[in-house]
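Here the structure is laid out as structure tokens; the discussion comes afterwards.
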Amino acid sequence: MADPTPIAGDYDYIIVGAGSAGCVLANRLSANPNNRVLILEAGGRDNWIWFHIPVGYLFAIGNPRSDWMFKTEPEEGLNGRSLAYPRGKVIGGSSAINAMIYMRGQAADYDHWRQLGLPGWSWSDVLPVFKKHEHHFLGAGDHHSVGGEWRIEAPRVRWDLLEAFRKAAAQYGIPPIDDFNTGDNEGSCYFHVNQRRGRRWSAARGFLKPVLNRPNLRLETGCLVEGLTFEGKRASGVRWTQNGVARSAQCRGEVILAAGSIGSTQILKLSGVGPAVELEAHGIPVVHDKPGVGENLQDHLQLRTIYKVAGIKTLNETYASLFGRAKMGIDYALWRTGPLTMAPSQLGLFARSDAHKDRANIQFHIQPLSLDKFGDPLHTFPAFTASVCNLHPTSRGYVRLRSRDPADKPMIKPNYLATEEDQQVATDSLRVTRKIVGQPALEPYHPVEYLPGPAYRDDDEASLRKAAGDVGTTIFHPVGTAKMGREDDPLAVVDARLRFIGLQGLRVIDASVMPTITSGNTNSPTMMIAEKGAAMVLEDRR
């Protein structure tokens, strides 16, 4: 094979991945005109209408144009099923196809990171970082700010069914609150969304595209990274193929991996950085034996329960009607309102699966619609979906190479429901769901359980565990495969400043560095990590 064609000159920073983290990094690191920044993205530009109309997630997820189309290995905890594992294949990454839900998690998440020996990552440390890039519809105050690049707005559609569900939750004991992002998210609230006037607001729209005119910032798309180059123990550049041509670039400063919990792991291992036993099995020369690379995978498993209803409108029958679809289009075209502005979930609940939990440990996503799975058509009967996930899973999985071919998708094994504790939270969550649906506020609409179905009885623990395995699916939050930790932690990959332990000139700055998963949707915490990580990179250069 011919030597890669080099891009002229040395870069101060090469960022691998123009997703949620990469877009923030590119913006911040190129703000100084003296920093020469190259950002490499394996996907393409966001020049497709469904990247911008919010309901476009229905068409983007499961589409090879916009989704890497990963699949998990068969999961014992899911009764042998293998799941589709969507990841964004475009600038903006998964923020271009995700649920658009703005969620920070709980203060206790970050205080726990600090307790693990990670200075600078407590709630009081990260709150100003979240606020730094916010433009929040609630205005400036103790919890939010305005003027930043990351747009957060109120939803632009209302459903009577969701109001009824929220009342039922209150009758069960889950109170309504105004904001999930104050450090304690227990309660019910309509999700705040990353949109601007009814259009999706991705990381690319907010952070990357506005600064692409900077002469010191270069974006290359369609770049399948084959590996990093090293001079001894120092990362010195990146190799990739683009339009069938081998290319490379040299870095005089730092190479920053921002390709996510799947992509960054795969690139590290292809580069000879990871567990030596695994690398040697694929014939990859070992640059640095690091057992934690690809381990510690965590994800939120959602249990999708579906209830048929009567006497109240849902999106199912609206979409099934030609008139209903026409009205949806008109509402969006004229006023940027209505169902086309919908995030996948509109109403959220945070609660405790049992009274002994010290904080909310389960999250509900309530939708006035139902379907068998993403990519399938909506059901024709009126129904709603109440998905519930365990916020604090104790099961741990892994990402491993299938081969040394960069185009070969890696093995993804989340190990859902592998622990007794996770199984118990799952069955308790199904019971909580049924208790909420059984409250008086929903009684007029005669909810009938369609999935998993009444055959799975509350008093039969084994039956409910099987139900959890039947209806459980990913909620698209993989984290932790290059975890932050102390140097004496055998699974730690990066230190508290996101520097790769044992190597120089290399950082990982994306969702993979989370030591434990946050209590809610993970996109905005990932962008906070990128904001904080960029500041660290610049501070350490001085």
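The first residue in the sequence is number 1, and the count goes up from there. All of these numbers come straight from a predicted model, not from anything done at the bench.
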field: Steps toward ring-ring contact (aromatic ring centres under 6.0 Å, His included) verdict (F364, F165)
entry: CA-CA 11 Å; F364 286 86; F165 198 99; 7.0 Å; no
query: Would one find more than 12 heavy atoms of other residues, nucleotides or ligands at under 6.0 Å from atom CD of E461?
result: yes
- line: What one should report as the nearest heavy-atom pair of C23 and A203 is CB-O, 3.6 Å
- prompt: With ring centroids as reference points, do Y102 and F191 lie under 6.0 angstrom apart?
  reply: no
- request: Classify the ring geometry between F381 and H379 as parallel (under 30°), tilted (30 to 60°) or perpendicular (over 60°).
  value: parallel
query: Between F476 and H300, is the ring centre distance below 6.0 Å?
result: no
query: Taking all non-hydrogen atoms of both residues, which atom of S353 and which atom of S429 are closest, and how far apart?
result: CB-OG, 4.4 Å
field: Atom of M100, atom of P54 and distance for their closest heavy-atom approach
entry: CE-O, 3.4 Å
- prompt: Strictly under 6.0 Å, is that where the ring centroids of F180 and F350 end up?
  reply: yes
- request: Verify the distance criterion only: is there a donor paired with an acceptor across the side chains of N185 and Q106 at less than 3.5 Å?
  value: yes
- prompt: Do R151 and E153 meet the salt-bridge criterion of a basic N to acidic O distance under 4.0 Å?
  reply: yes
query: Does NZ or CZ of K313 fall inside the cone over W159's six-membered ring, less than 6.0 Å from its centre and within 45° of the axis?
result: yes
- prompt: Quick one: which of R465, E449, R434 gives a side chain to side chain contact (heavy atoms under 4.5 Å, CB included) with Y456?
  reply: R434
field: Neighbour count above 12 (heavy atom, 6.0 Å) for Y319 OH
entry: no
message: Between H192 and F137, is the ring centroid distance below 6.0 Å?
response: yes
statement: Tightest non-hydrogen contact, residues E41 and I91, listed as CG-CG2, 4.0 Å
- prompt: What do the steps show when you test D331 against R336 for side-chain contact (heavy atoms from CB on, under 4.5 Å), and what is the final call?
  reply: CA-CA 6 Å; D331 285 345; R336 291 289 188 266; over 6 Å; no
task: Give me the ring orientation class for Y110 and W113: parallel if the planes are under 30° apart, tilted from 30 to 60°, perpendicular past 60°.
output: perpendicular
query: Salt-bridged, E134 to R104, with N to O below 4.0 Å?
result: yes
message: Check whether Y172 forms a cation-pi arrangement with K435 (NZ or CZ under 6.0 Å from the six-membered ring centre, at most 45° off the ring normal).
response: no
query: Of the non-hydrogen atoms in D111 and S122, which two are nearest, and what is the gap between them?
result: OD1-CB, 3.5 Å
query: Is it the case that more than 12 heavy atoms not belonging to R431 sit under 6.0 Å from its CZ atom?
result: yes
message: Would you say the ring centers of F130 and H143 fall short of 6.0 Å from each other?
response: no
message: Walk me through whether L297 and T481 qualify under side-chain contact (heavy atoms from CB on, under 4.5 Å).
response: CA-CA 5 Å; L297 175 63; T481 52; 3.9 Å; yes
field: E149/K132 salt bridge by N-O under 4.0 Å criterion
entry: no
- prompt: Below 4.5 Å, heavy atoms only, C-beta onward: do H52 and D46 meet side chain to side chain?
  reply: yes
Taking every non-hydrogen atom, the tightest pair across G329 and L340: CA-CD1, 4.1 Å
field: D67 vs I61, side-chain contact (heavy atoms from CB on, under 4.5 Å): CA-CA, chis, key distance, verdict
entry: CA-CA 6 Å; D67 181 355; I61 292 175; 4.2 Å; yes
field: Option from D422, D299, T72 for which side-chain hydrogen bond (donor to acceptor under 3.5 Å, both in side chains) with Y416 holds
entry: D299
- request: Flag yes if more than 12 heavy atoms outside K167 fall under 6.0 Å of its NZ atom; otherwise flag no.
  value: no
query: So W123 and R114, side-chain contact (heavy atoms from CB on, under 4.5 Å) or not? Walk me through it.
result: CA-CA 9 Å; W123 175 250; R114 177 62 186 88; over 6 Å; no
